[in-house]
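Encoded as structure tokens, the structure appears first; notes follow it.
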Amino acid sequence: MSHVNLVTGGAGFLGSHLCERLLARGEEVLCMDNFFTGRKENIKHLLGNPSFELIRHDVTEPFFLEADRIYNLACPASPVHYQHNPVKTIKTNVMGALNCLGLAKRVRARVLQASTSEIYGDPEIHPQVESYWGNVNPIGPRSCYDEGKRVAESLFFDYFQQNKVDIRVIRIFNTYGPRMLINDGRVVSNFVVQALRGEPITIYGDGSQTRSFCYYSDLLEGMIRMMDCEGFNGPVNIGNPGEFTILELAEAIIQITGSKSKIERKPLPQNDPTRRKPDISLAKEKLGWEPSVPLHEGLKPTIAYFDGLLKAL
Ligand code: NAD
Ligand code: UDP
């Protein structure tokens, strides 16, 4: 069956790749974005497609349209951008979720929330399983994002229980790839751009903190499988369980780019999680999903993308 999909945040890094994949499946896509961190450039090549429609709209304002599937991705994902206007970040998460759920209830759509590993905060359990409730500072600099995403999850499950809305919740772990912004501020894009420019690689803290990096194509496969899946609402972790220190990431990027960049230490931001790695047993069991692109493989096309962008400047 062909679907009409609403993708909020559809002009962003993950959203634009998602729109592309859904169109490739022969489905209709309504792409909604306010262009805070999204770019027209990301979806320019889709504009001529009759199955694609771009809607400039802010998810904090109600919207009325017809769709049978809603992917709610609208929210800046990089700490630099989500901390720029924390009140707006909370509004985007909470009111964006309410507006998506309200629409889903009215038109009986299935609705998927792009939640995050940040709901685990600075985790005391490693690797993180879905049953872990998290360790989040409710008043720290990351709380606008972490708590906003946590409320969104609550709303999703409340609409499920109270109104029988057909929800799906995935918890995305650090995902990278082409179409991240040059000034995105997240670690992979920062290090790649710094290495290509021969600038110092900025390591926050001693670089011993870990993250697990998932290539965008693997992530999208998990996301779409979750949307397609019957009888399972989640939450489910979607991420790559390969765990690397930030120093190891810097070394890998220096090695692949052949850069002469040196490492520069900067202060560790407040409440920066020390370890992060998904337990993906549930995704394997329920969705038959696991990532296939190791970090070194995914870094190559990502580096090539940024190289092209920097050369065109
Ligand atoms: P991104 O910043 O590239 O994309 C977010 C998109 O949402 C942008 O196009 C932005 O303009 C749009 N947006 C922001 N506020 C909006 C608003 N009020 N109304 C309409 N549009 C708005 O980030 P991304 O990495 O593509 O992340 C997409 C989603 O996945 C986000 O919800 C993010 O929290 C979630 N996520 C991403 C990661 C990751 O590592 N990439 C990890 C966990 C969760
Ligand atoms: N980080 C870093 N240098 C940078 C950007 C980020 O050392 O230029 C670190 C950051 O402190 C964190 C990790 O890299 O420990 C991942 O940061 P990112 O902003 O990508 O995402 P997070 O997982 O923290 O939301």
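These values consider heavy atoms only, across backbone and side chains, with no hydrogens, waters or symmetry-generated copies. Numbering of ligands and ligand atoms starts at 1, following listing order.
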Parallel, tilted or perpendicular: rings of H81 and F36 (30°, 60°)
perpendicular

| said: Any heavy atom of E118 closer to ligand 1 than 4.0 angstrom? | reply: no

Contacts of D228 meeting side chain to side chain contact (heavy atoms under 4.5 Å, CB included) (sequence neighbours excluded), chain-then-number -> R25, R69, I224

Note to self: Checking T202 against Q194: is there a side-chain donor and acceptor pair closer than 3.5 Å?
What the structure shows: yes

Check: Are S115 and ligand 1 in contact, using a heavy-atom cut-off of under 4.0 Å?
Finding: yes

Check this for me, if you would: do E221 and R21 make a salt bridge, where the nitrogen-to-carboxylate-oxygen distance has to be below 4.0 angstrom?
yes

Per side-chain contact (heavy atoms from CB on, under 4.5 Å), I172 is matched among N237, T116, L219 by L219

Short version for L14: what comes under 4.0 Å of ligand 1, heavy atoms counted, is both

Kindly confirm or rule out a cation-pi arrangement of K40 over F35, judged by NZ or CZ under 6.0 Å from the six-membered ring centre and within 45° of its axis?
yes

Looking only at protein heavy atoms, what sits closest to atom 41 (N) of ligand 1 is R186 NH1, 2.9 Å

When distances are taken from atom 19 (N) of ligand 1, the protein heavy atom at minimum range is V59 N, 3.0 Å

Within the 4.0 Å heavy-atom cut-off, what F35 brings close to ligand 1 is backbone

of all protein heavy atoms, closest to atom 4 (O) of ligand 1 is G12 CA, 3.7 Å

Atom 27 (O) of ligand 1 sits nearest the protein heavy atom A77 CB, 3.7 Å

Under a 3.5 Å threshold, I'd like every N/O contact between ligand 2 and protein atoms, with atom names and distance.
{"unit_1": "ligand 2", "atom_1": "3 (N)", "unit_2": "T202", "atom_2": "O", "d": "2.6"}
{"unit_1": "ligand 2", "atom_1": "7 (O)", "unit_2": "Y204", "atom_2": "N", "d": "2.8"}
{"unit_1": "ligand 2", "atom_1": "8 (O)", "unit_2": "N190", "atom_2": "ND2", "d": "2.8"}
{"unit_1": "ligand 2", "atom_1": "8 (O)", "unit_2": "T202", "atom_2": "O", "d": "3.3"}
{"unit_1": "ligand 2", "atom_1": "8 (O)", "unit_2": "T202", "atom_2": "OG1", "d": "2.9"}
{"unit_1": "ligand 2", "atom_1": "8 (O)", "unit_2": "Y204", "atom_2": "OH", "d": "3.3"}
{"unit_1": "ligand 2", "atom_1": "11 (O)", "unit_2": "D272", "atom_2": "OD2", "d": "2.7"}
{"unit_1": "ligand 2", "atom_1": "15 (O)", "unit_2": "Q209", "atom_2": "NE2", "d": "3.0"}
{"unit_1": "ligand 2", "atom_1": "15 (O)", "unit_2": "R211", "atom_2": "NH2", "d": "3.4"}
{"unit_1": "ligand 2", "atom_1": "15 (O)", "unit_2": "D272", "atom_2": "OD1", "d": "2.6"}
{"unit_1": "ligand 2", "atom_1": "15 (O)", "unit_2": "D272", "atom_2": "OD2", "d": "3.4"}
{"unit_1": "ligand 2", "atom_1": "20 (O)", "unit_2": "V187", "atom_2": "N", "d": "2.8"}
{"unit_1": "ligand 2", "atom_1": "23 (O)", "unit_2": "N174", "atom_2": "ND2", "d": "2.9"}
{"unit_1": "ligand 2", "atom_1": "23 (O)", "unit_2": "R211", "atom_2": "NE", "d": "2.7"}
{"unit_1": "ligand 2", "atom_1": "23 (O)", "unit_2": "R276", "atom_2": "NH1", "d": "2.7"}
{"unit_1": "ligand 2", "atom_1": "24 (O)", "unit_2": "R142", "atom_2": "NH2", "d": "3.0"}
{"unit_1": "ligand 2", "atom_1": "24 (O)", "unit_2": "R211", "atom_2": "NH2", "d": "3.1"}
{"unit_1": "ligand 2", "atom_1": "25 (O)", "unit_2": "E118", "atom_2": "OE2", "d": "3.0"}
{"unit_1": "ligand 2", "atom_1": "25 (O)", "unit_2": "R142", "atom_2": "NH2", "d": "2.9"}

inquiry  = Please determine whether any non-hydrogen atom of N174 lies less than 4.0 Å from an atom of ligand 1.
reply    = yes

For atom 34 (O) of ligand 1, the closest protein heavy atom turns out to be Y145 OH, 2.6 Å

Heavy-atom side-chain proximity of V187 to L249 below 4.5 angstrom
yes

For residues R179 and S16, is any side-chain donor paired with an opposing acceptor at under 3.5 Å? yes

Q) Can we call the ring centroids of Y176 and Y216 under 6.0 Å apart? A) no

- Looking only at heavy atoms of K149, does any of them come nearer than 4.0 Å to an atom of ligand 1? yes

Residue, atom and distance of the protein heavy atom nearest atom 42 (C) of ligand 1 read I172 CG2, 3.5 Å

E61 meets the salt bridge (Lys or Arg N to Asp or Glu O under 4.0 Å) criterion, sequence neighbours left out, with none

Do N137 and N271 have a side chain donor and acceptor closer than 3.5 Å?
yes

Ranked by distance from atom 28 (C) of ligand 1, the top protein heavy atom is L73 O, 3.7 Å

- Query: Non-hydrogen atoms of Y216 versus ligand 1: any pair closer than 4.0 Å?
  - Reply: no

At under 4.0 Å between heavy atoms, what of C214 touches ligand 1? The answer is neither

Sorted by chain and number, sequence neighbours left out, side chain to side chain donor-acceptor pair (under 3.5 Å) with S115 holds for E153

re atom 5 (C) of ligand 1, the protein heavy-atom contact at minimum distance is C75 O, 3.2 Å

Under 6.0 Å from the six-membered ring centre of Y204 and within 45° of its axis: does the NZ or CZ of K266 meet both?
no

The side chain to side chain donor-acceptor pair (under 3.5 Å) partner of R276 among Q128, E118, E243 is E118

Any heavy atom of H57 under 4.0 Å from ligand 1? The part involved is backbone

